[in-house]
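Each remark here refers to the structure printed beneath this line.
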Amino acid sequence: MLALKRYLSENIAEGKYADNYKGGVCKMKKIAVITGGATGIGKAAAKKLAKEGYSPVLIYNSSKAPAEAVKAEIEAEGAECRLYQADVSKEDECKRVFNEIGADCGRIDTFVNCAGVTKYIRFSDLDSVTADVWDKLLGVNLIGAFNCCREASKQMKKNGGGSIVIVASLAGVRASGSSIPYDASKAAIIHTAKCLAMALAPDIRVNTVSPGIVTDTAWHRDDPSYNKEAADAREAAFIPLGYVTKPDEVADSIVFLATGRSSNITGIDLVIDGGRKEVHHGQVY
């Protein structure tokens with residue numbers, strides 16, 4: 001306790017945490033780090049976590065302008081938001097960015113892995129599934145996600161623990177989605193998360209969410225013939241709840257798993273698809 005008081009006194013004297021430490025009580029908010037937070041599910045999660053009292057920290061690779069726009073939206077609602085650039089497929093950049101966040105923010109309480117890539121390749125087109133495609137998709141969706149979880153967990157342990165939520169996919173649970181490598185990468189990260197839940201317990205909880213098709217996503221953008229609106233309408237016909245999942249609905253589940261409301265839950269994969277997983281016919285590719 002004396003060491004803690006001395007540490008805080010030294011940093012307050014330097015002005016490092018002066019705005020977060022007033023009247024003898026630490027006012028620093030919890031820190032939620034989100035990769036892929038500039039668009040879609042990641043953006044929705046960042047905004048909802050801000051409303052839960054977290055200060056979102058967004059890691060982007062090339063989406064600087066969208067990330068800045070999300071930051072502005074969050075700050076307009078009265079929350080603090082920081083931006084960091086990194087290519088999470090590179091191990092050294094993962095280490096660098098999480099060390100920077102830890103040094104700048106003093107803590108990491110929650111990590112949400114929304115960063116992901118894909119390549120649209122019909123399942124029957126095996127010749128198009130090249131080594132380069134495997135390397136790119138596994139590099140971000142599996143290896144990059146693991147590296148980020150590892151580095152985030154190091155920072156969490158300094159403050160007693162935290163929670164990790166990884167956005168996987170229904171494609172990791174059943175044979176569906178944009179390509180075979182994408183499916184394989186998502187199936188692998190679901191199982192990796194279960195292993196991490198075992199490795200990091202009891203201090204850090206690790207869970208995944210697996211959305212079905214989601215509105216406002218662009219996984220089909222390298223297929224010029226793909227009609228998103230028509231595909232969503234076809235898919236909705238096979239969803240028991242009758243509509244395609246929205247980013248905000250996935251974000252609600254992320255917030256639940258990230259916060260203390262799920263304090264006794266770790267190692268699960270939560271499917272968010274309106275019941276689509278239970279329908280075994282008419283799959284749309």
Side-chain angles (χ1 to χ4, degrees), residues 35-45 61-63 66 87-89 112-146 166-193 208-239 243-247 249-251 253-254 269-285:
T35 59
T39 58
I41 294 169
K43 173 182 177 179
N61 182 15
S62 57
S63 302
D87 181 348
V88 298
S89 69
V112 181
N113 191 97
C114 287
V117 295
T118 191
K119 174 76 174 175
Y120 183 81
I121 304 172
R122 291 186 180 275
F123 277 31
S124 58
D125 186 9
L126 300 182
D127 287 338
S128 293
V129 181
T130 63
D132 287 343
V133 173
W134 280 111
D135 289 344
K136 181 177 181 180
L137 270 60
L138 291 177
V140 175
N141 298 349
L142 176 60
I143 300 170
F146 170 80
I166 301 169
V167 178
S169 172
L170 182 61
V173 180
R174 60 178 296 180
S176 62
S178 51
S179 66
I180 291 174
Y182 180 77
D183 282 37
S185 70
K186 292 300 185 178
I189 197 58
I190 290 170
H191 192 72
T192 298
T208 56
V209 294
S210 286
I213 288 183
V214 179
T215 61
D216 302 326
T217 57
W219 62 265
H220 55 281
R221 61 189 168 194
D222 54 356
D223 176 20
S225 67
Y226 189 89
N227 185 314
K228 172 66 172 169
E229 186 175 325
D232 282 358
R234 289 196 304 272
E235 182 72 11
F238 297 102
I239 296 175
Y243 67 95
V244 171
T245 304
K246 301 177 179 66
E249 293 174 314
V250 182
S253 295
I254 291 172
D269 177 49
L270 180 58
V271 175
I272 309 160
D273 68 343
R276 181 68 180 89
K277 175 176 174 286
E278 306 307 321
V279 179
H280 299 288
H281 63 282
Q283 179 63 48
V284 177
Y285 293 110

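Quantities reported herein were computed from a predicted structural model and do not represent experimental measurements. Just so it is clear, the values below take in all heavy atoms, side chains as well, and ignore hydrogens, waters and symmetry mates.
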field: side chain to side chain contact (heavy atoms under 4.5 Å, CB included) involving Pro181 - partner list, sequence neighbours excluded
entry: Val129, Val133, Trp134, Leu137, Ser179

Would you compute the distance between atom [atom1] of [X] and atom [atom2] of [Y] and round it to the nearest 0.5 angstrom?
{"X": "Ser176", "Y": "Asp183", "atom1": "OG", "atom2": "CG", "answer": "5.5 Å"}
{"X": "Lys246", "Y": "Ile272", "atom1": "NZ", "atom2": "CD1", "answer": "13.5 Å"}
{"X": "Thr35", "Y": "Asn113", "atom1": "OG1", "atom2": "CG", "answer": "3.5 Å"}
{"X": "Leu142", "Y": "His191", "atom1": "CG", "atom2": "NE2", "answer": "11.5 Å"}
{"X": "Phe123", "Y": "Ser178", "atom1": "CZ", "atom2": "OG", "answer": "7.5 Å"}

Any side-chain heavy-atom pair of [X] and [Y] under 4.5 Å:
{"X": "Val88", "Y": "Asn61", "result": "no"}
{"X": "Val117", "Y": "Asn141", "result": "yes"}
{"X": "Asp232", "Y": "Ile213", "result": "yes"}
{"X": "Thr208", "Y": "Leu270", "result": "no"}
{"X": "Ile121", "Y": "Tyr182", "result": "no"}
{"X": "Pro247", "Y": "Val214", "result": "yes"}
{"X": "Ile239", "Y": "Asp273", "result": "no"}
{"X": "Pro211", "Y": "Leu170", "result": "no"}

Polar side chain donor-acceptor pair, [X] to [Y], under 3.5 angstrom:
{"X": "Ser169", "Y": "Ser210", "result": "no"}
{"X": "Asp132", "Y": "Thr130", "result": "no"}
{"X": "Glu235", "Y": "Tyr243", "result": "no"}

message: If the condition is salt bridge (Lys or Arg N to Asp or Glu O under 4.0 Å), which residues does Lys43 pass it with, not counting sequence neighbours?
response: Glu73

message: If I compare all heavy atoms of Ser89 with all of Val140, which pair ends up nearest, and what's the gap?
response: CB-CG2, 3.8 Å

message: So which atom in Gly36 and which in Cys114 form the shortest heavy-atom distance, rounded to 0.1 Å?
response: O-CB, 3.9 Å

- request: Check the pair Leu126 / Ile180 against side-chain contact (heavy atoms from CB on, under 4.5 Å), numbers first and verdict last.
  value: CA-CA 9 Å; Leu126 300 182; Ile180 291 174; 3.7 Å; yes

side-chain contact (heavy atoms from CB on, under 4.5 Å) evaluation trace for Ile254 with Val167: CA-CA 8 Å; Ile254 291 172; Val167 178; 3.8 Å; yes

